[in-house]
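Structure first, then comments.
To find a chain, count down the sequence lines: A is the first, B the second, and so on, and within it residues start at 1.
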Amino acid sequence: MDPLLYGHNPEQGIVAVRQASDSTMRVYIRSPEGLTSKEVEFYPFFLLSDSSFLDNFPIKHWVKELQGSNFFRYLCAFTRWSEMWDAVHHIIEVYNRGAVKRVESFNDLPILHLRYDPVSQFLMQTGRTLFKGMNFEDLHRLQLDIETYTKHGQKFSNPNRPEDQIILIALSDNRGWEYVISGKNTSEKEMLLELVQIIRERDVDVIEGHNIFNFDLPYILKRCELCGIDFTVGRDGSSLRSSDSRSGSRERFTNYILYEIDGRHIIDTMLLLQSYDQSKRVLEHYGLKYAAQYFGFAKEDRMYIPADRISWYWDHEPDLLVRYALDDVRETRLLSDHLSRGVFYLAQMIPFNYGTAARLGSAVKIESLFVREYLHQKHSIPKPQMGAQTSGGYTDIFYTGLLGPIVDIDVESLYPSIMIGEKIGPKSDTLGICYRILENLTRMRLDAKRRMNKSENQTERMLLDALQSSFKILINSFYGYLGYSRGLFNDYEAADKVTQSGQKILHQLINSITSHLGIVVEVDTDGIFFVPPRSFQGEEKEKEFVKMISKDLPRGINLVMNGRYKVILSYKKKNYALLGYDNKIVIKGSSLISRSMEKFGRYFIQQCVDALLNRNINGLHELYLNVYRDIIEHKLSVADFAKTETLRESREEYLEAVEKGHRNRTAAYEVALANLTHWKIGDRIAYYITGTDMNVKGFEHCKLVDEWDPNFPDENMQYYLKRLLELAKKFEVFFTPEDFHAIFSTDDLFGFSAEGITPLMLHVPRVTEEVEEEESEVFQIHPTIELDESEHIV
DNA sequence: GGACTCCGTATACC
DNA sequence: ACGGGTATACGGAGTCC
């Protein structure tokens, strides 16, 4: 086991670490004899650039001068956590004596580097990590889901209302146990006490829930308070602790409170789902039921109950509600089986508690590997470099319109491959460990992948897949770390080298495809959509072609075929739609499919794309007429034309920015100001446009969705008609002006005929060619590129 | 009063 | 507490004619 990746301490079976006192850590260990714990001494530390700041600090401490000439040259250690903070305050005071700008917090001290999390400090300095020698299945994981009552006439449960009590607690674990605490014949207080008892008796390592940070835990805590009991679920009998918001900035970026339990971990599957989707970007939202269906483990007879019917079921059909709640915990368990496995493997490497590892971004994880090794070698550590990256991925579009057949190729792990192949890493990494870590991770990943592909055992394959994908996420983040402004080891020049190398490889591929008479349509960073040469049609030939053009690539750069499609509707850079051989349609890009677009607009665009891909011109016209009619006849409901936006600023920030002229008023915030007394950053608000003039200012004519009355619809019909035409105009480039006006118009007194209307394909003018060519080259689809059913070899 | 540009914010792609 | 750059859409404000 490589100590660079796993730390230098091989101790096995650590399931959790928790600060026990000012100077000790409690380490919980699982061994064949059961669970034990021990108290271990801990020496809090930070890094300093100049040891003289501590010259007159009276309390016992150590200052170790580190090797090398990086910025942070002194390691300062203490016997107590509180004394470390005394030292920090001492330094702030000394620093402010000579400073032009006073600093208030250790965060603003450029001469000091301190990791706030004591557990992480401990793991980093001892080289320990969690879960060594353990399998994911060795963890005892409990899933929890509560159902709550809602007072009649109210929309949501509110833990502050006495009658909105917890009515059901559904529980399950990864050993096949399931249990429901029902509130039918039990008081809420007894229910909560039983829950505490169960968690302690079953002595679980992990408590899991979907949206547990934002709903279940705060709700449970509030009800415990009302019942006058403590939620003492810690392994040492302590209560669940919510993070004191000492760092007031936490709220700014994350809209949940953190909870900690002594000796155990809390995992919110909703957060796991979000980070899963950050790389895949396939989920419409992060609801449990939707996710279960997406991953394909929702059972057929699964019980569904709408949120606003829960109280009714409790009053009339409590058994069905029990079934529903059990289905919820089951799906939570399956979701976690799927998503938390990777975090488990990661926690074996990085110096963080399991729950922390599930929440951290990848930059912090990578940096922790660097810092741990530098501390181990007693080597000085650099500070973040000032500056910025100057280049990024290469994106381009060569044709718009309908083209096919299409092959989609990808350079596999483009940036990490370049970093390894050309040995690019941070200049400040004087020990040269970046390359070693990256290479080792990659080797382990490929090894896991190879074993996965060879394995016949379904369970083993899943296990190895989780392993390799958790490596992959980390591997892919190394490039991002180079350009990360706050990374200690950042290096913008190195990041630029990587992207420029990437651009070169893409250009080489494009040239290769074109020289073989393939037609490159769209390019983005590491992927190319192109029409293969006529002599390479059909799946086998296409694969052969990909193999051929990959031959000239640098060593370590691998090409894979990502997919093949009947047609592409190429619209703009990063915006296209694909029609697969299974007739499924995929739409990509914010201008074609965006969460901020009104529902009717999304529907309209989707149907238009469908019609275009299938060359159904009549369908386009019909669609336009139908939506037009729906708008003028008030057939749409408020949900169809409302816009939902996320509030990313607080009331105060917004008002201040507007007043100072830094930003304009917008409808979303004006609606929020008028209707909400308070909102959290991250809250979403749905509104619609009122008035009669189609050119109204949105922020002056907007109403909350709830204010809309179907009996007196007051949406701005003219405005939404204008909006419809705006959306239709996205398709203007695909037709001649005459054709476009014929299709997207309602004045077809003499009937509409699609005859003679063909979508255009345009060669997008090259920026480098702009001198020679003013207007783009327009031509009808040529047989080589046209999708012609008869030509297909499927 | 429209056409135009500029700017900040939001969303999405890789 | 926090990976990155590239790209499009949109609303509002200011400017010009």
May I have the distance from A:Ile437 (atom CD1) to C:dG3 (atom P), rounded to whole angstrom?
17 Å
Using a 4.0 Å heavy-atom cut-off, does A:Tyr654 contact any base of the nucleic acid, only the sugar-phosphate backbone, or nothing at all?
nothing
Report yes or no: does A:Asp410 contribute a side-chain atom to a donor-acceptor pair with the main-chain N or O of A:Glu412 at less than 3.5 Å?
no
Interatomic distance, A:Ile689 CD1 vs C:dG11 P [rounded to whole Å]:
8 Å
Name all residues meeting the side chain to side chain donor-acceptor pair (under 3.5 Å) criterion together with A:Glu715; count only those two or more places apart in sequence or in a different chain, and write none if there are none.
A:His634, A:Trp708
Output all residues satisfying side chain to side chain contact (heavy atoms under 4.5 Å, CB included) with A:Ser391, sequence neighbours left out; order by chain, then residue number.
A:Asp496, A:Thr499, A:Gln500
Could you list the residues that satisfy side chain to side chain donor-acceptor pair (under 3.5 Å) with A:Tyr654, not counting sequence neighbours?
A:Glu670
Using whole Å, report how far CD1 of A:Ile473 lies from P of C:dG3.
13 Å
Give the dot-bracket line for DNA chain C from 5' end to 3' end: parentheses for intra-strand Watson-Crick or G-U pairs under 3.5 Å, square brackets for crossings, | for inter-strand pairing, dots for unpaired.
...||||||||||||||
Taken to the nearest whole Å, CG/A:Asn490 to P/C:dC2 is 17 Å
Residue list, side chain to side chain donor-acceptor pair (under 3.5 Å) with A:Tyr374, at least two apart or on another chain
A:Asp429
Summarise protein proximity over nucleotides 4-10 of chain C in one line of letters, 5' to 3': B for base, S for sugar-phosphate only, - for none, counting protein heavy atoms closer than 4.0 Å.
SBBSBSS
Non-neighbouring partners of A:Ile473 that pass side chain to side chain contact (heavy atoms under 4.5 Å, CB included), sequence neighbours left out
none
Between atom NE2 in A:His113 and atom C1' in C:dC2, what is the gap in whole Å?
13 Å
Look at all strands and tell whether A:Ile366 reaches a base, only sugar-phosphate, or nothing, counting heavy atoms closer than 4.0 Å.
nothing
Euclidean distance, atom CG of residue A:Leu488 to atom P of C:dG3 [Å, nearest integer]:
13 Å
Just checking A:Leu414: base, sugar-phosphate only, or nothing, at a heavy-atom cut-off of under 4.0 Å?
nothing
Results of side chain to side chain donor-acceptor pair (under 3.5 Å) for A:Lys574 - residues two or more places apart only:
A:Asp524
Before giving the answer on side chain to side chain donor-acceptor pair (under 3.5 Å), spell out for A:Glu645 and A:Tyr687 the whole-Å C-alpha distance, their side-chain angles and the decisive distance to 0.1 Å.
CA-CA 9 Å; A:Glu645 286 176 27; A:Tyr687 66 91; 2.8 Å; yes
Show me the donor-acceptor pairs, under 3.5 Å and distance only, between side chains in residues 726-735 of chain A and residues at least two apart or in other chains.
residue: A:Glu726; atom: OE1; partner: A:Arg723; partner atom: NH1; Å: 3.2
residue: A:Lys730; atom: NZ; partner: A:Ser591; partner atom: O; Å: 2.9

May I ask you to say what A:Tyr669 touches in the nucleic acid, namely base, sugar-phosphate or nothing, with a heavy-atom cut-off under 4.0 Å?
sugar-phosphate
Set of side chain to side chain contact (heavy atoms under 4.5 Å, CB included) partners for A:Arg115, sequence neighbours left out
A:Ser120, A:Gln121, A:Met124, A:Phe352, A:Val364
Can you list the residues that meet the side chain to side chain contact (heavy atoms under 4.5 Å, CB included) rule with A:Lys573, with sequence neighbours excluded?
A:Thr395, A:Asp396, A:Ile397
A:Gln385 atom CD is separated from C:dG3 atom P, nearest whole Å, by 18 Å
Describe the nucleic acid contact of A:Ser477 in one word from base, sugar-phosphate, nothing, applying a heavy-atom distance below 4.0 Å.
nothing
Measure the shortest side-chain to side-chain distance between A:Phe471 and A:Tyr345 over non-hydrogen atoms and say whether it is less than 4.5 angstrom.
no
A:Leu438 CG to C:dG3 P: how many Å, rounded?
18 Å
First contact, last contact: which nucleotides of DNA chain B are these for chain A, 5' to 3', heavy-atom distance under 4.0 Å?
B:dG8 to B:dC14
